[in-house]
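In what follows, chains are A, B, ... by sequence order, proteins preceding strands, each numbered from 1. In this text, all values refer to a predicted model and were calculated from it rather than measured experimentally.
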Amino acid sequence: MIQRIASSPTPPASFAELGLSRLTLAALKTVNYRVPSPIQAAFIPPALEGRDVIGQAKTGTGKTAAFSLPLIEMHEPGQPGPQAIILAPTRELVQQICGEFERLARGRDLVVRGIYGGEPIERQLRSLAKGVDVVVGTPGRVIDHLQRGTMSLEGVYHVVLDEADRMLDIGFRPDIERILRKVPQPHQTLLLSATLSPEVRRLAARYMHEPVELNLSRDEPSVEKIVQKYIPVDHNRKMELLLHLLELEKPRQCIVFCRTKRGADKLAQRLARRYPGVATIHGDLPQTARNRVMRGFRDGSIPILVATDVVGRGIDVEEISHVVNYDIPDDPENYLHRIGRTGRMGKDGVAYTFVGPDEGIPLTNIEVLINKTLERVVIPGFEVTERGVGVADRSRGRIPISLEGGYRAAAPKPFRQLFSTA
DNA sequence: AAAAAAG
């Protein structure tokens, strides 16, 4: 039997009511967490009971603390080897989770360690030899340690897959399964993401025992505080449009998402002529450069970050006011994650998506997923020059937006010609 | 097809 809980009827007003100890409540006070967010209120109690939990909640609503707090609470001091392993899809996300976990575990005898590629392995070997209670890692390096025999999962009881749909997709699943085979049964499994399609939930259930399923974003998967707009534009004028948009909007901090690493490099180079504060990040950069850029972006010295999807998920930088999809994301789920880099913890944000004449279908797929149409914006001087300009299907009101979950698979894929290229 | 993740 799978237990489904849509949302808690009366969200607890305080962390104390969720069954957290005084030590944890004190740590929460020092980091200024006052009231639990909806996902925290719903997730923490069943997790503390030791149940398996699948948690879906919007971007920027506190999923990291939702799984970290129960792990901290259930931690048993004095045991050898890691008791919990948290897996995430990128090194930067692993580093961020480590930081948050450490802040929340303050005052406890609990060692957290990031285990990821791009960092010299010797340092990780020394940490592991000294003893680690909670491992936060990317799959590749975790497997590396398992092969070397430098890390054992024999004592692990809690497994967390953050960005679970990503971790279970075809690129990662073999690695994840390989790691899970090393975790003794029984164990507790916690899965979290802003996007968990029914298909992924079904798949995930294979790894879990009577999971409690939470969905706190059923009807409205994207964050209300994010203003979402799209701009139809010819591919060869995107750069001009971006410069114009930056002048117009004067973002506090923004991420410009590109489809490819090379594309991100090129755009950053061109942009840097006018904006010296531009930096780029993608998976081809050495980890030292990635770290340097993330530090600069977090401390505000880099106002504009040109990036691939390496920072599309999970990354939490409060001052991001704008997200620009310079290239429309191929996968609608990635759209939701990308725009979720802004509008975090109740702040507002703006997301612009550039849409080329041939990209009506990906745009519609996004709208179907988020169950909402994007506002069309035309920037003066950037009107599309071709004949037949217009969004025919929208004016006819033919975009089917499903009210039931809004997932692509459940809704027909309409063809939409955005504007004529004739 | 691209990006991410081991080196």
Atom-to-atom span, [atom1] of [X] to [atom2] of [N] - whole angstrom:
X: Glu92(A); N: dA3(B); atom1: CD; atom2: C1'; answer: 13 Å
X: Asp330(A); N: dA3(B); atom1: CG; atom2: C1'; answer: 8 Å
X: Lys261(A); N: dA1(B); atom1: NZ; atom2: P; answer: 16 Å
X: Arg166(A); N: dA3(B); atom1: CZ; atom2: P; answer: 12 Å
X: Asp169(A); N: dA2(B); atom1: CG; atom2: C1'; answer: 12 Å
X: Asp175(A); N: dA4(B); atom1: CG; atom2: P; answer: 16 Å
X: Gln287(A); N: dA4(B); atom1: CD; atom2: P; answer: 11 Å
X: Glu119(A); N: dA5(B); atom1: CD; atom2: C1'; answer: 15 Å

Examine the side chains of Gln228(A) and Ser222(A) and answer whether a donor and an acceptor come within less than 3.5 Å of each other.
-> yes
Quick check on [N]: is either OP1 or OP2 less than 4.0 Å from any side-chain nitrogen or oxygen of [X]?
X: Arg178(A); N: dA6(B); answer: no
X: Thr138(A); N: dA6(B); answer: yes
X: Arg313(A); N: dA3(B); answer: no
X: Thr308(A); N: dA2(B); answer: no

How is Gly312(A) classified with respect to the nucleic acid when contacts are heavy atoms under 4.0 Å: base, sugar-phosphate, or nothing?
-> nothing
Sugar-phosphate, base or nothing in reach of Gly283(A), heavy atoms under 4.0 Å = sugar-phosphate
Compare the minimum distances between each of dA3(B), dA4(B), dA6(B) and the side chain of Thr260(A), then state the nucleotide with the smallest one.
-> dA3(B)
Taking only Lys NZ, Arg NE, NH1 and NH2, and the carboxylate oxygens of Asp or Glu, determine whether Glu318(A) and Arg344(A) approach each other closer than 4.0 Å.
-> no
Please confirm whether any donor atom in the side chain of Arg259(A) sits under 3.5 Å from an acceptor in the base of dA1(B), or the reverse.
-> no
Are [X] and [Y] close enough that some pair of their side-chain heavy atoms sits under 4.5 Å apart?
X: Glu177(A); Y: Arg206(A); answer: yes
X: Thr342(A); Y: Val223(A); answer: no
X: Gln95(A); Y: Glu119(A); answer: no

